[in-house]
Visitor: 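Supplied in C-alpha cells, the structure appears directly below.
Because the structure is a prediction, the values reported are computed rather than measured. Throughout, a chain's letter reflects where its sequence line sits, starting with A, and its residues are numbered from 1.
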Amino acid sequence: MQELLKTQRISIAVLIVGLLLLVGLMVRQAPKSPFTMEATEMLAHMPDFEHVTVAMADKMKTDTNNYIFVDLRSPYDFEVKHIDNAINIPTAFILDDEHISTFNRYLENNIIVVLYGQSERESISPWILLTEVGYSNVKVLLGGFDCYDGDITKCNPESAQYDYAKISISGALKSDSNAVTAPVKKKKKAIPVKKKKKREAEGGC
Amino acid sequence: MQKRYIFLAILFIAMASGLLFLPDMKEKSQIPVDVFLNDIHSNNRHLTSDEIAKRIINGDPMVFLVDVRTVEEYDNYSLPGSINIPLKDILLDDWAGYLDQDIVDVIFYSNDDILSEQAWALCKQLGFKNLYVLDGGLNTWFETIMLPKEPGELASTAAFDLFSFRTGASIYFGSGSTAVAVEAKPVKKKTIPVKKKAKREAEGGC
Amino acid sequence: MGPLTFNDIISTEWNYVIALLIGLAFGYILEASGFSSSRKLVGVFYGYDFVVIRVFITAVSVAMITLLYLDYLGFLDFSMLYVVPTYINAQVVGSIIMGIGFLMGGFCPGTSLTAVAIGKIDGMVFTGGIWLGIFGFSEAYPYIEDFNNSGYLGNVTIMDYFGINAYTFAFGFAVFAIIAFTVASKIRKNIKEIQY
Amino acid sequence: MEAKNIKFRHVYWNPYFGGLMLGLLIAATFYVTGRGVGATGGTKATVVKIVDVVAPEHTENQEFYSKYVDEDKNPMKNWLVFETLGILIGAFLSGSIKGRVNFRIQHSPKITSKTRLIFALAGGLFFGVGSQLARGCTSGAALSGSTVLSLAGFITMIGIFGTAYLFAYFFRKLWI
C-alpha cells in the first residue's frame, strides 16, 4: 500500500481549503436587507392579521400602556385633527433611525402599534413594510382616519357599493333598445398558465 | 497511515455536515428597503378611473388590468380585458411572466383599492416594474365612469367636459342611457416576460 | 458573484484562454492520478485498484460541497450553473452503452485523451473509436431522433426531482463516499495484487 | 517490462489528493464559466468540422450537424475544443515529468495487442454513441453533472458504473 504515502499533501490541501472556508464564513457579511420576511410569507400570513375597527380604536386610544396610534399623514393634517394620544410619523420617515428606535421600544414592550392614514389604503403599504422588517406588533385601522372621523362610507372599503353586474347589464339592455342582441358580453380570457423557463436547454456534447 | 485517513475522513464529514448547520442567511428577494419605502411614499402609482377609461377607449395596448378579487367576484363582474389573479395567488410563479415584465402597465384593481394596494406592495418589493393601482377601485369606477353625475349649473366647463367624457365612457363600458350599443372591446394584451440574465446560453460541457 | 463569464466579470475573449488553462489542469490531474492507464481504471470493476472510485467520488463530493459553500457565501449563484438536461430514456440507454464501452475499451473519453498524450496506442485507437461512434451516431441521427429526445424532463436537479434539500444531499453523499472508500479498501486487501 | 512497471507504478498521486484537486478544479470551472469540464464535446466538434470540410451540403441538410455549423459559426471555435487541447497538453506535461511518455500498448498478458486494439476501438465506438445519447460522457455528464446535483448526472454515473459492474465478469479476460 505504497499509495498511502504522501498523505501529508492531502492533509495540507484539506487544511488550506478548510481555512479558506473559515475565512469565507467570517468575511461573509450578513445580508444587508433588513427584511425578515419574504413577500410570499407575508402574503401567507396576511389573513392572520386582525385589523383594528373604529369601535376597538375608541377603547384603545385611552389604553396607552398597550396601544399606540401612529398617524402617517403630514404634520399639517395631524395638527388639524388626529386621534387622541396618537403620534405623527409621516410615511416617508417611518424608517428613520429615531422612529425605528421608537418602533423597537414598542415591540419590546408589547405595545400594539395601530397605523392610520387619511384612508385605509395609505396605511396598507407601510403596514406591509413594517411587518416584513420584523414589527409583528403593527396593525391597521380599518377605514383609516376618514372612517374614524365619522365618514361611515369609508368604513368598509372593500365591499362592493354597487351591484356591478346589474348596472352594466341593465345599462347595456337599456342601450340595446331594439333588444336584438344579447347584453354586452365581456370576453373572458383564458390565460394559459405559463411557467417561466428556468434554463435554456441546449445539447450536451 | 490508517490514522491519518481516519482523521481526513472526519475532517471531510465535518466540512460536509457544516452545510447542515449553516444558519439561514439566504439573501432576501426584496429590493432595498429604502427604495421600497420611496416607492410607497411617492403616489404616482395611483391612476384615476378617468385616466384608465381614456386609455382603454383609445385602445392603449399597454393597459393590462389585473383583478385581484376572488374568482366569484371576477366572474360576477370585471373590467373588459382584465385577467383575474386572486390576491392569495399573486406571487405564484405562474403569474410571474405577466407581472414581472417591463412592457405593459399592470393595473391592479379590486372593489376599493385596499386589496389592489396589497397586491402592489407585494409585487413592488420584488422589484417588478410598471405596477399601478386603480384609484378607488371598482366603487370609484362605477361612481365616476358608469354612473356619472351631472355637474351643477355653476360648474366649470372642465367639469362639463369631464361629464360628457364620462357619459361617453359609460356607454362604451356598457352602461348609460343612450341608444348606442357599443361592444366592449377587450384591450389587446401583450406580455413579454422580462428577459432574465442570459442563463446558461453556453452549451453543456461533456 | 460568479459564474464570472456569465456576469461579464471576465469578458468572452478570455473564454478560450480559460478553456485551455482548465483543460491543462484537468489533463494534468487526470494523468497524475493514473487515469492514463486503462488497466488501472478498469481495476475498479475487478477489485484490484479502486483509483477511479476514489478520485471520482472524492472529486464530486469536494466540488459539490465547495460549490454549495461558495453559493452560501454569496460568491456564486448556484442556480445559474449549467445543469445537463435530462432525457431519461436516452440517458439510461446511453449510460448502459457507455458502461459496456468502458469494460471493452478501458477508458472513458477524458482519460483516453490523457492516454493519447502520453503515447498510448490503445488510447489513440479508443479515441478513434469515439470519433467513429460520434460520426455513426450523427449519420444515424434522423432514425433515432425520436428516441434521442424521448423522456425529456428539462434541466432538472436532484432537488427539483426528489424535493430534497441540497445540503442534506451533499452531506449524505459525503457519508456515502466515506463508506465507499472504507469498503473499497477492505475489498482491495482481499484481492490478489495484479502487476500492470 | 517488469522493471519499467515498477519504476512508474507508484509515482501516481494519492487518489484522494487527485480527487481533491479535481474537485477543486471542477468547482473553479463552475465558478469561472458556469459549466463543468468535458471531453467528448471537443471530439464531436472535430467530427463535425471534418464532415463539414468533406461534404458541406451534407452538414447543412443533416439536422444533427447543422446545429453546430452556421454561416459564421466554426465548430472548431468552441470552448470544448480548446479545453480538449488543454487536456492533451496537461496530460503530456504530467506524463513527461514522471517519465511516462512512450509509445506502447497496455494490455493484460492474457490477450494480444491486436485483441486489445480491437476492443479499444469497440469501446470507443460504444462511448461515442453512448455519450451522444446521454448528453455527456463520464466527465461531462457524470462528473460535472452530479457536482451541480443534476438528475442526469446521477443517472449517467449510476448507469455507467452499474452496467460496468454487472458485465465485468464477461470481460474479465481482457483485464485480469
Side-chain angles (χ1 to χ4, degrees), chain C residues 2-6 16 19-20 23-24 26-29 31-34 42 45 51 54-55 58-60 62-63 66 81-84 86 90-91 94-99 101-105 108-110 113-114 117-119 121-122 125-126 129-130 133-134 137-138 141 156-158 161, chain D residues 12-13 15 18-19 21-23 26-27 31-35 39-40 47 64 79 82-83 86-88 90-92 94-95 100-101 103 105 117 119-130 132-134 137-139 145-152 155-156 159-160 163-164 168 171 175:
Chain C
L4 300 181
T5 39
F6 274 28
Y16 298 130
L20 200 70
L24 218 138
F26 189 45
Y28 193 97
I29 293 170
E31 215 288 330
S33 307
V42 177
F45 303 119
V51 69
R54 285 173 179 162
V55 172
T58 318
V60 170
V62 166
T66 315
L81 303 178
Y82 177 81
V83 170
V84 189
T86 307
Q91 248 142 9
S95 55
I96 287 173
I97 293 175
M98 282 197 279
F102 203 161
L103 284 174
M104 297 202 294
C108 57
L113 288 171
T114 64
I118 62 160
I121 293 158
D122 45 347
V125 174
F126 186 91
I130 300 178
I134 296 179
F137 179 87
S138 316
Y141 187 69
V156 283
T157 60
I158 293 277
Y161 196 76
Chain D
Y12 293 125
W13 283 358
M21 287 293 125
L22 191 55
I26 292 169
Y31 179 61
V32 176
T33 66
R35 53 135 162 237
T40 357
V47 172
F64 192 74
W79 199 89
F82 283 83
E83 204 214 311
I87 294 178
L88 289 173
F92 181 76
S94 160
R100 281 193 283 259
V101 182
F103 285 100
I105 300 168
L117 291 186
F119 272 100
L121 187 73
L125 259 166
F126 272 59
F127 249 107
V129 174
Q132 295 313 300
L133 275 173
C137 56
T138 6
S139 26
S146 16
T147 299
V148 288
L149 300 164
S150 71
L151 184 62
I155 291 175
T156 321
I160 293 178
T163 320
F171 294 96
W175 305 108

Visitor: Are the side chains of Phe126(D) and Met98(C) in contact, using a 4.5 Å heavy-atom criterion?
Guide: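 No; the side chains remain at least 4.5 Å from each other.
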Visitor: Can you tell me how far apart SG (Cys137(D)) and CD1 (Ile130(C)) are? Round to the nearest 0.5 Å.
Guide: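 It is 7.5 Å, given to the nearest 0.5 Å.
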Visitor: Taking the side chain as C-beta and beyond, is there a heavy-atom pair between Thr66(C) and Tyr31(D) under 4.5 Å?
Guide: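 They are not in side-chain contact.
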Visitor: Which residues pass the side chain to side chain contact (heavy atoms under 4.5 Å, CB included) test with Leu117(D), sequence neighbours left out?
Guide: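 Ile121(C), Asp122(C), Val125(C), Ile105(D).
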Visitor: Describe, in one word, how the ring planes of Phe127(D) and Phe102(C) are oriented to each other, choosing from parallel (under 30°), tilted (30 to 60°) and perpendicular (over 60°).
Guide: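 Perpendicular.
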Visitor: Taking side chain to side chain donor-acceptor pair (under 3.5 Å) as the definition, give me every residue that meets it alongside Ser94(D), ordered by chain and number, with sequence neighbours left out.
Guide: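 For Ser94(D) the side chain to side chain donor-acceptor pair (under 3.5 Å) partners, ignoring immediate neighbours, are Glu31(C).
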Visitor: To the nearest 0.5 Å, what is the distance between CD (Gln132(D)) and OG (Ser138(C))?
Guide: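 If we round to the nearest 0.5 Å, Gln132(D):CD and Ser138(C):OG are 6.5 Å apart.
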Visitor: Do Gln91(C) and Leu133(D) have side-chain heavy atoms sitting under 4.5 Å apart?
Guide: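 When only atoms from C-beta onward are counted, Leu133(D) and Gln91(C) do not touch, as no gap falls below 4.5 Å.
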Visitor: Can you tell me how far OG1 of Thr156(D) sits from CD1 of Ile96(C), rounded to the nearest 0.5 angstrom?
Guide: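 Between Ile96(C) CD1 and Thr156(D) OG1, I get 11.5 Å after rounding to 0.5 Å.
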Visitor: Counting heavy-atom pairs closer than 4.5 Å to chain D, which one of Ala59(C), Gly110(C), Gly99(C) comes out on top?
Guide: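 The answer is Ala59(C).
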Visitor: Looking at chain C, which one of Ser150(D), Gly95(D), Ala27(D), Gly18(D) has the largest number of heavy-atom pairs inside 4.5 Å, strictly under?
Guide: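 Greatest number of close heavy-atom pairs with chain C: Ser150(D).
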Visitor: For the backbone of Leu103(C) and the side chain of Trp175(D), can you confirm whether one donor and one acceptor N or O come within less than 3.5 Å of each other?
Guide: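 At least one qualifying donor-acceptor pair exists.
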Visitor: Check each atom of Val42(C) against the heavy atoms of chain D and say whether the ones under 4.5 Å are side chain, backbone, both or neither.
Guide: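 Answer is side chain: those atoms of Val42(C) sit under 4.5 Å from chain D.
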Visitor: Output the distance between atom OG1 (Thr58(C)) and atom CE (Met21(D)), rounded to the nearest 0.5 Å.
Guide: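 It is 12.0 Å, given to the nearest 0.5 Å.
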Visitor: CD1 of Ile155(D) to OG1 of Thr86(C): how many Å apart, nearest 0.5 Å?
Guide: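 Taking CD1 in Ile155(D) and OG1 in Thr86(C), the distance rounds to 5.5 Å.
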Visitor: Any chance you could measure Phe26(C), atom CZ, to Leu22(D), atom CG, to the nearest 0.5 Å?
Guide: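 Taking CZ in Phe26(C) and CG in Leu22(D), the distance rounds to 6.0 Å.
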Visitor: Considering only heavy atoms, which portion of Tyr161(C) lies under 4.5 Å from any heavy atom of chain D: side chain, backbone, both, or neither?
Guide: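 Just its side chain gets close to chain D.
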